[in-house]
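Below, chains carry the letters A, B, ... as their sequence lines are ordered, and counting in each starts from 1.
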Amino acid sequence: MAMINAPKGVEDILFPRASYYEEIEKKAGNFFSLYGYKKIMVPTFEKTELFLRSVGQETDVGKQMYTFKDKGGRSISLRPEGTAGIVRAYVEHKIYAKEKNWKVYYAGPMFRYERPQAGRLREFYQIGVECFGEESPWLDVEIIEMAHDFLKGMGLDNIQVQVNSIGCKKCRYKYIEELKVYLGKYLDVLCSTCRRRFRYNPLRILDCKSATCRAVLEKAPRIQDFTCSSCQEHFDKVTGGLCRLKIAHTINPYLVRGLDYYTRTIFEIISSYLGSQDAVCAGGRYDNLVEQLGGPPTPATGFAIGVERLLFSLEKAGVDLSKPAPQGVFMATIGEKSVEEAIQVASIIRSQGIAVKINLTNKGLSSQLKQANRENFSWVLIIGEGEIRKGKFILKNMHSGMQQEIETEEFEVFSNFLKGDASS
RNA sequence: GUGAGCGUAGCUCAGUCCGGUUAGAGCACUGGGUUGUGGCCCCAGUGGCCGGGGGUUCAAAUCCCCCCGCUCACCCCA
């Protein structure tokens, strides 16, 4: 039979990698709770309309979703990001009527139908936080600090925080008009992609990588010159606050967002260990989205961390994640009878909370010890024919090489043996 | 959707340019040296549709064409 392999862009997360995911989520949750965030869980799929309405018109986001009709003919999409579902839950449960501030975090897989590349998969994991009901710039500061300190605390030494403000709807609109007036004069110089962007998403031209486009952008109008006084004040407080907290950051006037629900503060944290997709964390303020999804006007801020990118960066940075769990006891068996006996003994030992691995093959003892050694077992319990006859088994310490006989009854207090012997 | 690179043992790779005995190495695995005692060492062994199909040729891992897969970049980026 031909082998079936996994679909494009997804991956199996095996041991020990799966335990790294667990550890990252656990540490994130603990850390975020210091700021008052509580974990919630929302569905991995929603009505397609939710995502379409949240992103607005002007992108081909719709094309990059896993969308299908369910058996009732409803259009459903696997979530491409976390925010929309959280906002939907916020509105649906009328949280705004119950809590002034709703601070939540979530973790789980997201799905986007895109061509895979470094740091980009079709199923990937994110850990995100959202805070609703707070418009203070100090929240932006706090949330950026939280993301920054979490990543630093994980051991990521090479991150860079970039912030920008894209203003509110009004000032952004004015800015885009001015930008178009300016860029319109250089249309023939811009790259072909930017000529296309000019029509449907001119802001995106700001982070074009082409040298000629960058040159044109040198003298382009900047958003800061168009932000209204309240947006400007907001942004000044954000950057001032970051300085006060000594969070190293750069203001990147070319940092933009493709979606129109973002307002004011946006930020990214990039890692130099990553490839072309180098943001390990991205977030910002979205004061219009709750209303856009049927709730009352409610300011909100959030961010999401890409777990794969974080993990990759941590590996590059040489950070050790969770050590392999203590391995317990390897049971060496010789022959069928011995396995039979071993299974009963194993059950007694496991009932004391000690892990046991039993050899079920007919390999020689030598090879079994080699395996135990390779798999980092500290202890081997040898159960051979002779031992069964005597009712005494051999317990060997793999570090010291010392071994002793222990009797069947003594398995009841087996853990004492493991602790008792030195050099374990 | 576009472009480039890659695909040989479980893993990492050599061999491909310039076609020519039975396709190699290291690691891993199994056995032996040591009849039931690991790590180091030595010896031996298992393991390959050389990604798939077609073509050229006396002869193809090697040259040509098509397909598939992976990777990176572009696009897009919530």
- For RNA chain B, whose closest nucleotide is more 5', that of A:Glu81 or that of A:Arg115? A:Arg115

- Message: Reading RNA chain B from 5' onward, which residue's closest nucleotide shows up sooner: A:Lys8 or A:Arg204?
- Response: A:Lys8

[N]: pairing nucleotide in any strand, Watson-Crick or G-U under 3.5 angstrom:
{"N": "B:U37", "answer": "none"}
{"N": "B:U21", "answer": "none"}
{"N": "B:A9", "answer": "none"}
{"N": "B:U57", "answer": "none"}
{"N": "B:C72", "answer": "B:G3"}
{"N": "B:G48", "answer": "none"}

Atom [atom1], compared across [N] and [M]: separation rounded to whole Å:
{"N": "B:C67", "M": "B:G3", "atom1": "P", "result": "12 Å"}
{"N": "B:G19", "M": "B:A59", "atom1": "C1'", "result": "8 Å"}
{"N": "B:A23", "M": "B:G51", "atom1": "P", "result": "15 Å"}
{"N": "B:U34", "M": "B:A25", "atom1": "P", "result": "27 Å"}
{"N": "B:G33", "M": "B:C11", "atom1": "P", "result": "31 Å"}
{"N": "B:C50", "M": "B:A4", "atom1": "P", "result": "28 Å"}
{"N": "B:U8", "M": "B:G48", "atom1": "P", "result": "15 Å"}
{"N": "B:G32", "M": "B:G38", "atom1": "P", "result": "11 Å"}

- Would you say the side chain of A:Ile13 lies within less than 4.5 Å of the side chain of A:Tyr21, judging by non-hydrogen atoms? yes

In whole angstrom, give the distance that lies between atom [atom1] of [X] and atom [atom2] of [N].
{"X": "A:Leu381", "N": "B:U37", "atom1": "CG", "atom2": "P", "value": "17 Å"}
{"X": "A:Asn373", "N": "B:G39", "atom1": "CG", "atom2": "P", "value": "7 Å"}
{"X": "A:Met110", "N": "B:A78", "atom1": "CE", "atom2": "P", "value": "14 Å"}
{"X": "A:Tyr273", "N": "B:C72", "atom1": "OH", "atom2": "C1'", "value": "21 Å"}
{"X": "A:Asn362", "N": "B:U30", "atom1": "CG", "atom2": "P", "value": "12 Å"}
{"X": "A:Tyr261", "N": "B:C77", "atom1": "OH", "atom2": "P", "value": "12 Å"}
{"X": "A:Arg122", "N": "B:C76", "atom1": "CZ", "atom2": "P", "value": "18 Å"}
{"X": "A:Tyr113", "N": "B:G1", "atom1": "OH", "atom2": "C1'", "value": "10 Å"}

Answer yes or no: does a side-chain N or O of [X] lie under 4.0 Å from OP1 or OP2 of [N]?
{"X": "A:Gln64", "N": "B:C76", "result": "no"}
{"X": "A:Lys209", "N": "B:C74", "result": "yes"}
{"X": "A:Gln277", "N": "B:C77", "result": "no"}
{"X": "A:Ser366", "N": "B:U37", "result": "no"}
{"X": "A:Tyr286", "N": "B:A78", "result": "no"}
{"X": "A:Lys363", "N": "B:U30", "result": "yes"}
{"X": "A:Ser367", "N": "B:G31", "result": "yes"}

Looking at every strand, decide which applies to [X] at a 4.0 Å heavy-atom threshold: base, sugar-phosphate, or nothing.
{"X": "A:Arg120", "value": "base"}
{"X": "A:Gly364", "value": "sugar-phosphate"}
{"X": "A:Gln371", "value": "nothing"}
{"X": "A:Ala118", "value": "sugar-phosphate"}
{"X": "A:Glu387", "value": "base"}
{"X": "A:Gln368", "value": "nothing"}
{"X": "A:Gly275", "value": "sugar-phosphate"}

- Item | Under 3.5 Å: donor-acceptor pair, side chain of A:Thr250, backbone of A:Asn252 | no

- Hey, does the side chain of A:Glu114 reach the backbone of A:Arg120 with a donor-acceptor pair shorter than 3.5 angstrom? no

- In terms of side-chain heavy atoms, does A:Glu130 have a donor or acceptor partner in A:Tyr105 at a distance below 3.5 Å? no

- Query: With distance as the sole criterion, is a donor-acceptor pair present between the side chains of A:Ser165 and A:Thr265 under 3.5 Å?
  - Reply: no

[X], nearest nucleotide to its side chain (from [options]):
{"X": "A:Ser276", "options": "B:G36, B:A73, B:C77", "value": "B:A73"}
{"X": "A:Thr193", "options": "B:G38, B:C76, B:A78", "value": "B:C76"}
{"X": "A:Arg197", "options": "B:G38, B:C76, B:A78", "value": "B:C76"}

- Item | Residues A:Arg222 and A:Glu178 bridged, charged N to O under 4.0 Å | no

- Message: Could you check whether A:Lys103 pairs with A:Glu142 (Lys NZ or Arg NE/NH1/NH2 to Asp/Glu carboxylate O, under 4.0 Å)?
- Response: yes

- Message: For A:Glu135, is the CD atom crowded, meaning more than 12 foreign heavy atoms sit under 6.0 Å from it?
- Response: no

- When the ring centroid of A:Tyr35 is compared with that of A:Phe32, is the distance short of 6.0 Å? no

- Look at the side chain of A:Arg196 and the base of B:C76, then say whether one donor and one acceptor between them are separated by less than 3.5 Å. no

